[in-house]
2 protein chains.
Amino acid sequence: MLETTHRKGAETRERLLAAAESAVLAKGFAATSIDELIAAVGITKSGFFYHFKDKADLAKSMMLRYLEHDRAVLDDIFRRGDELNEDPLHGFLVGLKLFAEMLGNLPEAHPGCLAASFCYQDQLFNREIRELNAEGVLAWRTRFRERLDVIAFRYPPRSEVDLEAMADMAATLVEGGLILGRMLGDVTILPRQIVLYRDFIRSVFLPA
Amino acid sequence: MLETTHRKGAETRERLLAAAESAVLAKGFAATSIDELIAAVGITKSGFFYHFKDKADLAKSMMLRYLEHDRAVLDDIFRRGDELNEDPLHGFLVGLKLFAEMLGNLPEAHPGCLAASFCYQDQLFNREIRELNAEGVLAWRTRFRERLDVIAFRYPPRSEVDLEAMADMAATLVEGGLILGRMLGDVTILPRQIVLYRDFIRSVFLPA
DNA sequence: CGATCAACTGGACTCGTGGTACAGTAGGTC
DNA sequence: GACCTACTGTACCACGAGTCCAGTTGATCG
């Protein structure tokens, strides 16, 4: 009965991580106090240190949680794109459309990326956390690069293209789009960038 | 003789701002202590508060300095692009090439954008600073949008394009490219994204 | 029924940091 | 000789992060 017994701990831990994530996205890691997290969750400081050995441990747990969530969402979106169209290019284009739609319907008023927040404060963290961050980006690169390779084989572009940069462009536009969206308080910026990315992909592999 | 006399103050202030900028890009604003800044510059705490009334005043001054520098660099790059080619599209494409080259030759090992750093810590700042940040993005949008409007008039694209998003894409790729470059420790990522942006612009207005 | 363990509570303590206050001073300027 | 700029020096306070450790509660297991 591991599922039902003693599960209160995992739930409290999850609530701490969720509170920490929204606070870090709003104020940064250093400005996020343990006191505010325990106040939000309703436990004491000692309770916090029962779950995390120190603040660095919290940071690492936040990243692991974030990366896992990120991976799951992306897997789901592009798997559905593939299901809707057998062709690698058109399946990818459908996936990008779904992706843009999802980004436009995010519930948060000011969505953000934890990895981006951490990368502008990376001197606060140890090597382990920075490596987790790099792994996350490489996962995006690999994921998109594999698709582009398959697509480029079936639809050879007429001129040389930097497929790696094209794969990175997805993550680049997401990170940049989140930043611009936050700065201007405009949640349409990010999905529109993804739509442009989709246009770009199509124009490279399907010239008019 | 305002230029030569009493100029030591402005110089110290500038050194404080420069030290603050590199510290903030490495650790974030909250984790940047006044003590480390005065140690780096070689003055006392009282000296710091002679130049800035409090930390918020420092933040505002940092943003103003950053935006001004940003504006000057961009003005210079694209003015040179225009000088090298009269045509609005080709002048812009030359400017983008110069821009990519400049971004590839940045002296810092881990360049970053102060505005991006601030936007992931915006709850630390007052409305005034957030507005400065938004103005900075809008300046990029306006700058690129004006060019794209002129180009679209001379080279009408065959299908509808979201010119605003295309203008924002420049800043989006710079912000995102800086983040990916930092995460992977790869300074080539950003210039390659700008090259792709250039390819995209060309393919929209000059279909093969 | 008693032992065990997860999930905490409570309290006391240290240290760094932001920020204030204020008095003093070196050196160039008018 | 008065004045101003650009500081130094010292003392002080409040707050919050983070550490440590001892104790407690309530469910579970043999």
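Within every chain, numbering begins at 1; the chains are lettered A, B, ... in the order of the sequence lines, protein sequences first and strands thereafter.
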A:Thr44 side chain, from C-beta outward: closest of C:dT9, D:dC7, C:dT17 | C:dT9

Residue B:His51, side-chain heavy atoms: nucleotide from C:dT17, C:dC8, D:dC7 that is nearest | D:dC7

Does [Y] offer a backbone N or O that forms a donor-acceptor pair with the side chain of [X] under 3.5 Å?
X	Y	value
B:Gln121	B:Gly28	no
B:Tyr120	A:Phe118	no
B:Lys27	A:Ala30	no

Can you measure [X] atom [atom1] to [N] atom [atom2] for me and round it to whole angstrom units?
X	N	atom1	atom2	answer
A:Phe29	D:dG18	CZ	P	7 Å
B:Arg13	D:dT5	CZ	C1'	15 Å
A:Phe52	D:dT19	CZ	P	14 Å
A:Leu124	C:dG16	CG	P	17 Å
B:Ile38	D:dC7	CD1	C1'	12 Å
A:Tyr50	D:dT25	OH	P	17 Å
B:Asp35	D:dT8	CG	P	13 Å
A:Ile43	D:dT24	CD1	C1'	16 Å

Between [X] and [Y] (salt bridge meaning N to carboxylate O under 4.0 Å), is one present in this structure?
X	Y	value
B:Arg80	B:Glu83	no
B:Asp57	B:Lys60	no
B:Arg202	B:Asp199	yes

Any protein N or O atoms within reach of nucleotides 19-23 of chain C? Criterion: under 3.5 Å, listing atom names and distances.
| from | atom 1 | to | atom 2 | distance (Å) |
| --- | --- | --- | --- | --- |
| C:dG19 | OP2 | B:Lys55 | N | 3.3 |
| C:dG19 | N7 | B:Lys45 | NZ | 3.3 |

Distance, nearest 0.5 Å, that separates CZ of A:Phe144 from CG of A:Asp168 | 10.5 Å

Which residues pass the side-chain contact (heavy atoms from CB on, under 4.5 Å) test with A:Ala139, sequence neighbours left out?
-> none

Polar contact flag, side-chain donor to acceptor under 3.5 angstrom, B:Thr32-B:Glu36 = no

Just to confirm, is there a sub-4.0 Å distance from OP1 or OP2 of C:dG16 to any side-chain nitrogen or oxygen of B:Ser33?
-> no

What does the inter-axis angle of the helix from C:dC1-D:dG30 to C:dC30-D:dG1 come out as, five pairs per end, nearest 10 degrees?
-> 10°

